[in-house]
Amino acid sequence: WRYLAMLGNPRTHVRNIAGNALFMPAVAIKDLTGTAIESVAYKLSGGKLSRTKGTLTHRDMELVKAAWNDYPYIKDEALGEGKYTDLKYANKSIEEGRKIFHFKPLEAARKANSKALDVEDSFFSQPHYALALAQYAKANHITAKTIKSGLGIAAARTYAVKEAQKATYRDNNVFSNLVSRLGRGRYNGNIADKALSTLIEGVLPFRKTPANILARGVEYSPVGLLKSLSVDLYQMSKGTKTGAEVIDNISAGLTGTGILGLGVLLASLGLLRGRGGDDDEKRDFYDIMGYQDYALCLPDGTSITLDWLAPEALP
């Protein structure tokens, strides 16, 4: 009942759609930055860098179309085991076949709601996949005809699926997997373990998606940039990360740092307000005037909160 009430709430669907839509510009900027850096690095390496991003032009529309039409073949993989589930190691067919409510109309509503969330994500997953696949194909001289055949494009598909999953917060990474496993341990009759599991489930029933949003927020921030310029470069030197992966992470960090810079600029112009400060009287005054914390403050007095806009709101 609780899950259905949370996931069936119209606010959940609005936030799901808005969150996916408003993250697209950040991903696009990251890809443009990554394409530029890859191009330079490829030339400096003498062609040794394995590229994942090629510059698409109007002449590549057939390539993009072929990539778009390839999505139905990998749709299940791109959507994964579900956005609002933490059963990473469960059998998907068993999970989908469970009957929760014996009252048929209610069970139909539950399944329809879950399907709606997947459909909403697929609206955004497909363009992310298509562009990532087309960019990879352009960089590696893969033709539209080859994509249509489906032969010899396993690496391209794997890359594009990962990009689509990351952009819609459906990927499995070390952090999200760790958070998802919280409270899912074997109890062996241990009352303390059961109590901890119940507490975690009560506070954070859906752990994977918030964990992925937090992961994106860190990646698209100065923290992510510093990590990519230190830890990731070290891992590349050890052969555990590719140059293209490091460049992609650097691009995400640069994009997030740009968002931070934009926030500083808007705040200096009085258009962006964070927390109202520690002065209680000043905070009360702003509250009376209708200003909200962590909000965009327009010249006409309109105040629009931005704290819900994760992961862009984090940097």
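Contacts of Lys138 classified as salt bridge (charged side-chain N to carboxylate O under 4.0 Å, His left out), with partners at least two apart in sequence or in another chain: Asp60. In this view, Leu314 and Leu214, Ala310 satisfy the side-chain contact (heavy atoms from CB on, under 4.5 Å) rule, not counting sequence neighbours. Partners of Ser50 by side-chain hydrogen bond (donor to acceptor under 3.5 Å, both in side chains), not counting sequence neighbours: none found. Scored by the side-chain hydrogen bond (donor to acceptor under 3.5 Å, both in side chains) test, Thr52 finds Glu38 as partners (sequence neighbours excluded). Shown here are the salt bridge (charged side-chain N to carboxylate O under 4.0 Å, His left out) partners of Lys30, two or more places apart in sequence or in another chain: Glu163, Asp248. The side-chain contact (heavy atoms from CB on, under 4.5 Å) check on Leu298 picks up Leu296, Asp300, Thr302, Ile304, with sequence neighbours excluded. Take Lys162 and apply the salt bridge (charged side-chain N to carboxylate O under 4.0 Å, His left out) test, not counting sequence neighbours, and it matches no residue. For Asp232, the side-chain hydrogen bond (donor to acceptor under 3.5 Å, both in side chains) partners are Lys227, Asn249, not counting sequence neighbours. Under the salt bridge (charged side-chain N to carboxylate O under 4.0 Å, His left out) criterion, Glu77 pairs with no residue, sequence neighbours left out. For Ser251, there are no side-chain hydrogen bond (donor to acceptor under 3.5 Å, both in side chains) partners two or more places apart in sequence or in a different chain.
For the residue pair Ser122/Ser125, the side-chain donor-acceptor check at 3.5 Å is not satisfied. Side-chain contact annotation: His13 with Glu120, donor-acceptor N/O pair under 3.5 Å present. Under 3.5 Å, the side chains of Tyr169 and Asp121 contain no donor-acceptor pair of N or O atoms.
Annotation: the span from Tyr71 atom OH to His128 atom NE2 amounts to 10.5 Å, rounded to 0.5 Å. Taken to the nearest 0.5 Å, the CG atom of Leu133 stands 11.0 Å off from the CG atom of Asn69.
Pairs passing the ring-ring contact (aromatic ring centres under 6.0 Å, His included) check and including a residue from residues 213-263, sequence neighbours excluded, read Phe23-Tyr220.
Using a 4.5 Å heavy-atom threshold, the side chains of Thr35 and Leu56 count as separate. Side-chain atoms of Asp293 and Arg273, non-hydrogen and from C-beta on, do get closer than 4.5 Å to each other. Here the side chains of Leu4 and Glu107 are not in contact, with every heavy-atom distance at 4.5 Å or above. Using a 4.5 Å heavy-atom cutoff, the side chains of Tyr294 and Leu272 are not in contact. Considering only heavy atoms from C-beta on, Ser39 comes within 4.5 Å of Arg51 through its side chain. Taking 4.5 Å as the limit, some side-chain heavy atom of Leu254 sits within range of a side-chain heavy atom of Ile37. Looking at Tyr159 and Glu245, their side chains never come closer than 4.5 Å, going by heavy atoms from C-beta outward. Here the side chains of Asp31 and Val27 are in contact, with some heavy-atom distance below 4.5 Å.
Listed for the Thr12 side chain is no donor-acceptor partner under 3.5 Å among the backbone atoms of Gly8. Of the possible donor and acceptor atoms, none in the side chain of Thr240 sits under 3.5 Å from a partner among the backbone N and O of Met236. Side chain of Gln165 to backbone of Arg170: no donor-acceptor contact under 3.5 angstrom is found. Side chain of Asn113 to backbone of Ala109: no donor-acceptor contact under 3.5 angstrom is found. Side-chain N or O atoms of Ser221 include one that pairs as donor or acceptor with a backbone N or O of Val223 at under 3.5 Å.
In the hydrophobic clustering, where aliphatic and aromatic side chains (Ile, Leu, Val, Met, Phe, Trp, Tyr) are joined below 4.5 Å either directly or transitively, Leu44 groups with Val40.
Using a cutoff of 4.0 Å between basic side-chain nitrogens and carboxylate oxygens, Lys75 and Asp118 are not scored as salt-bridged. Taking 4.0 Å as the cut-off between side-chain N and carboxylate O, Lys145 and Glu62 do not count as a salt-bridged pair.
When all heavy atoms of Leu260 and Pro315 are compared, the closest pair comes out as CD1-O, 2.9 Å. Minimum interatomic distance between Pro311 and Arg216 (heavy atoms only, all atoms of both residues): CG-CB, 3.8 Å. Closest heavy-atom contact between Ala137 and Ile147: CB-CD1, 3.9 Å. Here the closest non-hydrogen pair linking Ala67 and Ala134 is CB-N, 4.0 Å. In terms of heavy-atom proximity, Ala144 sits nearest to Leu63 at N-CD1, 3.6 Å. Between Ala167 and Asn20, the closest heavy-atom pair is O-OD1, 4.1 Å.
More than 12 non-hydrogen atoms from other residues, nucleotides or ligands lie less than 6.0 angstrom from CE of Met24.
In this structure, Trp1 has its ring center closer than 6.0 angstrom to the ring center of Phe101.
For the side-chain hydrogen bond (donor to acceptor under 3.5 Å, both in side chains) test with Asp70, the passing option among Arg157, Lys148, Gln126 is Arg157; the others fail.
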(Q) Run Ser149 and Thr146 through side-chain hydrogen bond (donor to acceptor under 3.5 Å, both in side chains) and show every step you take. (A) CA-CA 5 Å; Ser149 72; Thr146 302; 5.3 Å; no

